[in-house]
Amino acid sequence: MLRLLHTADVHLGARHEDLGEAAAALRERQHAALRAAVDLALAERVGAVLIAGDLFDSNAASRRAVERAASELARLAAARIRVVLLPGDHDSYTRSSVYRAHDISALAGAGMVSVLTPETPVVHLDSLDAVVVGPADPSRPASGPFARLDAAALTAAKWRIGMLHASPGEGAGRIAEAALEASGLDFVALGHDHIAASGRAGATTWAVPGPPEQVVVDRDELGTVNLVSLEERGAAKHVAVATRVVGSAWHRDLELDAASVESQAALVDRLRAAADPELVLDVRLAGDRPDSLELDPAAVEDALRGAYLHVRIRDRSRPPLTTGALPPVETVSGAFIRNVEGRIAELEAAGDVDADRDAAELREVLRLGRRLLAGAEVAS
Ligand SMILES: [Mn+2]
């Protein structure tokens with residue numbers, strides 16, 4: 001039996017511009033997920049590790065970033081586990097490719113790391129009785145998605161494996177199921193989509209691992225890698241794909257009714273009580289906002305720094321129209337409320353984006369005015 005660890009889309013060095021100060025923390029988790037994948041490969045004693053594109057988020061990856069990644073791959077090399085690395089679309093094999101600027105195979109040492117390129121599109125893993133083929137030379141599209149499949153040398157190996165930085169489907173960055181089926185390969189290690197998937201096309205098993213750590217943290221599932229088992233039973237070949245968690249960051253949407261929020265401090269306390277440093281939390285305040293609730297979303301985010309991997313507070317609550325009997329029309333409050341609510345009604349009936357924005361502003365005017373006048377009347 002041949003066992004492989006398959007990953008892709010690690011996106012080391014991603015900038016995460018939407019995460020502010022948490023960007024560096026997520027980059028560390030991405031590296032930690034690569035380390036966890038290597039630990040798993042060592043613990044499971046796999047024959048080879050396949051990285052099907054986008055190990056790096058960009059071809060501008062720093063030497064330090066490449067050395068860090070190589071130091072993880074070196075642990076595999078030291079255990080005599082082969083690594084086959086395929087450039088993706090973020091770290092594509094252009095003239096300025098990270099794989100030309102740095103010799104990651106040499107950095108990882110021991111000659112155990114191979115990069116699939118148009119110059120070297122086939123890697124023989126003789127001790128595993130396997131061969132790995134990468135994408136075809138784009139100048140020879142007639143050869144199908146995989147390189148030199150017709151070469152007699154390929155068919156000599158028991159296990160024929162393809163790697164492609166694409167996910168099943170039609171269009172750019174995709175491979176048609178018919179092409180997977182026509183490849184005649186036993187297993188195709190795919191990538192690109194950030195959601196894990198696997199299946200069969202004819203006699204070919206394919207898998208997309210998704211990133212080992214979420215790159216855009218927007219799902220409530222942890223990043224995974226694939227453990228792939230290839231086994232011969234009699235004349236038949238069986239390929240099984242199992243996912244294993246190696247990531248730690250996850251995402252949750254939390255909708256809160258603003259009427260249930262007593263104060264900004266109470267909101268901070270409530271969210272701090274549920275702290276999780278691996279969680280990217282999107283809080284959405286909705287419903288009617290009590291007149292007394294003064295809320296600065298940025299201040300709440302600041303107060304929760306460190307409690308979560310990242311918190312975003314969006315205030316979609318709105319001050320309600322006045323309920324119950326209105327004050328007499330000849331009072332300041334009575335005149336004010338009637339005037340402002342009349343304009344809000346007109347704007348909200350108009351139903352376009354500008355009018356909705358103006359109506360939201362007027363609801364805030366209404367809330368502040370009501371508060372001010374209530375206080376003034378109590379004071380007088
Ligand atoms: Mn990609």
Side-chain angles (χ1 to χ4, degrees), residues 5-19 23 26-27 29-31 33-34 37 49-62 65-66 69 72-73 83-102 104 114-118 121 132-138 145-147 161-177 179-180 183 187-199 206-219 221-226 228 241 243 246-247 249 251:
L5 185 138
H6 167 210
T7 185
D9 299 285
V10 189
H11 287 270
L12 295 173
R15 297 178 65 89
H16 305 303
E17 276 165 354
D18 59 323
L19 287 187
L26 184 56
R27 279 195 293 275
R29 281 165 175 77
Q30 291 175 277
H31 186 84
L34 174 65
V49 170
L50 309 179
I51 305 176
D54 290 356
L55 173 61
F56 298 102
D57 190 63
S58 105
N59 272 329
S62 66
V66 177
E72 297 300 335
L73 304 186
V83 178
V84 185
L85 192 47
L86 177 75
D89 60 337
H90 282 255
D91 54 2
S92 57
Y93 199 66
T94 57
R95 283 178 53 178
S96 56
S97 175
V98 61
Y99 301 109
R100 291 188 202 266
H102 307 282
I104 194 165
S114 308
V115 181
L116 282 181
T117 69
V132 182
V133 295
D137 180 346
F146 297 102
I161 296 157
M163 290 179 74
L164 196 65
H165 187 68
S167 293
E170 306 291 333
R174 309 258 141 212
I175 177 167
E177 293 235 1
L180 286 166
S183 74
F187 175 66
V188 181
L190 297 172
H192 194 53
D193 276 358
H194 285 198
I195 294 178
S198 61
W206 58 265
V208 178
E213 178 67 289
Q214 292 194 57
V215 182
V216 176
V217 185
D218 59 0
R219 310 183 67 219
E221 288 163 29
L222 301 178
T224 56
V225 295
N226 287 334
V228 186
V241 178
T243 64
V246 291
H251 176 266

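Both ligands and their constituent atoms are indexed starting at 1 by order of listing. Side chains are part of it too, since the values below use all heavy atoms of this structure and drop only hydrogens, waters and symmetry mates.
- The distance from the CZ atom of Arg174 to the CG atom of Leu190 is 10.0 Å, given to the nearest 0.5 Å.
- The shortest distance between side-chain heavy atoms of His11 and His194 falls below 4.5 Å.
- Interatomic distance, Ile104 CD1 to Asp91 CG, rounded to the nearest 0.5 Å: 9.0 Å.
- Ring planes of Phe56 and Tyr99: tilted class, angle from 30 to 60°.
- The CG atom of Asp89 sits 11.5 Å away from atom OG1 of Thr94, with the distance rounded to the nearest 0.5 Å.
- Shown here are the protein N/O/S atoms lying under 2.8 Å from the Mn ion (ligand 1), water excluded: Asp54 OD2, Asp89 OD1, His165 NE2, His192 ND1.
- To the nearest 0.5 Å, atom CG of residue Leu34 and atom CD1 of residue Ile51 are 6.5 Å apart.
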